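Just so you know, these numbers come straight off a predicted model, no measurement behind them.
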Amino acid sequence: MKKGKKVWTNEEVAKLLRAVAAAYQIKGGKNAKFKAIAYDRAATAIEHSTSEAKDLWDDGQLDQLSGVGPSIAQHLDELFRTGRVKHFDEVLSGLPPAMFELIQIKGIGPKTAFKLCQALGIRKAKNALKRLEEAARDGEISRVVGFGSDSEAKILRSIKRFVQIGQKKKRMLLVKADFIAQELIDYLIQCPEVISADPLGSLRRRCATVGDIDLALATDQPQRVIDWIKRYSEVKEILRSGERLISVLLKSGHQIDLRLHPPDSYGSLLQHFTGSKQHNIHLRELALEQGLSLSEYGIKKLKAKSEKRKKFKSEKDFYQYLGLEWIPPELREDRGEIEAAMENGLPTLVKLEDMRGDLHIHSSFHIESSHDEGVDSMETIVKRGVELGYQYLAFTEHNPSRSRHTTRETIAIIKRKAHYIEQKRSSWINNLNIYVFNGLEVDIRPNGSLALPEAALDYLDFVIVSIHSIFDLSRREMTARILKALSHPKAKILAHPTGRLLNRREGYEVDWEPIFEFCRQNNKFLEINAYPERLDLPDVLVREAIKRGVKLVINTDSHAVEQLDYLRYGIDVARRGWAEAKDIVNTLPLKEFARAMGIEI
DNA sequence: GCCGTTTTCGGCCCGACTGTTTTCAGTCG
């Protein structure tokens, strides 16, 4: 195999920075504690970054990451250039490399890891976890000073879990987290002592993927609620259980943390554990300047003699007390929302009720396409669209397979579909008050041309263009490919623009700047694909697009009628990207929408 | 080591839970 330069993923860079942080904690020294915090924060920033740190470095943008300052940036520069960092080597020297493997285990921090490595004689990184596991099995850990049989058992469980998750290593899709949380909430609210139950954390912020599920419960009888939770039939193991907190592992392998508070301070609880961590840290720093100290129980005045805390039933009151507008959970990522809230400058986020139609739907109309056809008839889908309150929708099956049809056959198929819709359209309008557009989702070929004959395009109101194969073009080629496709007069929408599949595939490489610019100038729209595995455009790019005046559409890409309900996941993404109704074209009433699309109806 | 709506110096979020050395350090979120 050719020996190439090592590619540093964000995950690897973060792991290295965490090792340095851990080393500072063990070695101590001047400011070591705060250096450790700084390195930890930098690691988190890089883990959470939507761009690869290496790419940012390539573009000289490393300092854009909040938490990466001049010193760490310089070290990373050395890392990416030479493959190692002299300063890091010095900090890490003298410590057993194995400990940096062990700190990945939940419950084992730097001090514990160091102590274990020393006592058990584990040094090398390789097989460190395996050796720790063996030591635990043999009862060696319980004989180490400071450890007992309980911690030994706990370490064993944590390792087991780490290995299990490590194999999957995936955060669950938002839709799945919704399902698990809802089932549990349905069970919890049957408990007479539960006053309310709400999601927290990334689930409440509606992130595309969710790690652990956190729930908040309002109750005056925490012990009885804890007992109720322990009796939930899906619980496999109680991981920990206190007066206000219980963590359980479900049979499905998912961890749920439940936090209990009395109703009079429930607002503080919701706020505190909705996060994000960065949002809360920023908020606390802000509060500190006002002489206030925030916690999950409320707000304390630092100078006041009394220990009394101001409690908050609702989040609104909490934010108001700090002089801020209430910030929707989707925005709480410390991306400027706190500053905006100070000036009453938060956006009025788009809502599900604002939506007037869905433009990316695959029916079962037999079109002999190269990709999946839908399973439900146009009739069924139209009826559901009416139930959802839509004024319009569009059928956009995939283009007929090019390899299996001649040009003439392809045109015939498209003509057949056009005639079918034409024939039905007036009855749908008159009887159901819904307008049906005749669209198509057309593959963009590698050279940027559309995989549909020009003559067939004439029969369509508009087409959605998208990339379904040949993902590995260079950034420049891919950008040119997309721009060329969008430049066709019938191409109005770029579907699932990055091509990512959550947990399965990264998006392809594209330069967004020219695409944003082209869309803005030529009335082309980027799709927020609401299909739970896509959620594409991603929230960060939604924000960038909007800033540049690009209009978006939110579509489900449904292949079955029940998937029309997935539109809410597209709304989640749009809201996380600060989108208002005016930014989303399919919030427009029918006539204005048609005008925006350049379609005569 | 990072960062700035009174700061380029002087701070750095706050509290619960766990296990053990039983009075608190370590870890987590």
Problem - Check: Y297(A) ring centre within less than 6.0 Å of H272(A) ring centre - result: no
Taking only the side-chain heavy atoms of [X] (C-beta and beyond), determine which of [options] contains the nearest atom.
X       : options                   : value
D150(A) : dG19(B), dG1(B), dC13(B)  : dG19(B)
R284(A) : dC2(B), dC12(B), dC14(B)  : dC14(B)
A38(A)  : dC13(B), dG1(B), dC3(B)   : dG1(B)
S151(A) : dG15(B), dG19(B), dC13(B) : dG19(B)
K154(A) : dT18(B), dG1(B), dC12(B)  : dT18(B)

Look at the side-chain N and O atoms of [X] and state whether any lies under 4.0 Å from the OP1 or OP2 oxygen of [N].
X       : N       : answer
S293(A) : dC13(B) : no
S71(A)  : dG1(B)  : yes
T112(A) : dT27(B) : yes
K277(A) : dC14(B) : no

Exercise for the section: Tell me whether F34(A) is stacked on the nucleobase of dC12(B), counting only the six-membered base ring and applying the 5.5 Å and 30° thresholds. Expected result: yes
What contact category does [X] fall into here, base, sugar-phosphate, or nothing, at under 4.0 angstrom with non-hydrogen atoms?
X       : answer
H87(A)  : sugar-phosphate
E243(A) : sugar-phosphate
G67(A)  : sugar-phosphate
S149(A) : sugar-phosphate
K106(A) : sugar-phosphate
K111(A) : sugar-phosphate
L239(A) : nothing
N280(A) : nothing
Y39(A)  : sugar-phosphate
I108(A) : sugar-phosphate
I37(A)  : nothing

Problem - Glycosidic class, syn or anti, of dT7(B) using a 90° window around 0 - result: syn
Once you measure the plane-to-plane angle for [X] and [Y], does it fall in the parallel (<30°), tilted (30-60°) or perpendicular (>60°) bin?
X       : Y       : result
F312(A) : F318(A) : perpendicular
H87(A)  : H75(A)  : parallel
F80(A)  : W57(A)  : tilted

Rounded off to whole Å, could you give me the [atom1]-to-[atom2] distance for the [X] and [N] pair?
X       : N       : atom1 : atom2 : result
E285(A) : dC14(B) : CD    : P     : 10 Å
L292(A) : dC13(B) : CG    : P     : 16 Å
D40(A)  : dG26(B) : CG    : P     : 15 Å

Practice task
Salt-bridge test for E513(A) and R548(A): reply yes if a basic N is under 4.0 Å from a carboxylate O, no otherwise.
Solution key: yes
Exercise for the section: Using the closest heavy atom to pick a nucleotide of DNA chain B for each, name whichever of R259(A) or L245(A) lands nearer the 5' end. Expected result: L245(A)
Problem - 5'-most by nearest nucleotide on DNA chain B - Q25(A) or Y297(A) - result: Y297(A)
Handout entry: Pairing partner (Watson-Crick or G-U wobble, both distances under 3.5 angstrom) of dC9(B)
Key = dG4(B)
Practice task
Using distance alone, with no hydrogens and no angle criterion, decide if Q278(A) and R335(A) have a side-chain donor and acceptor under 3.5 Å apart.
Solution key: no
Handout entry: W512(A)/E544(A) under side chain to side chain donor-acceptor pair (under 3.5 Å): CA gap, chis, key distance, verdict
Key = CA-CA 9 Å; W512(A) 291 105; E544(A) 293 299 314; over 6 Å; no
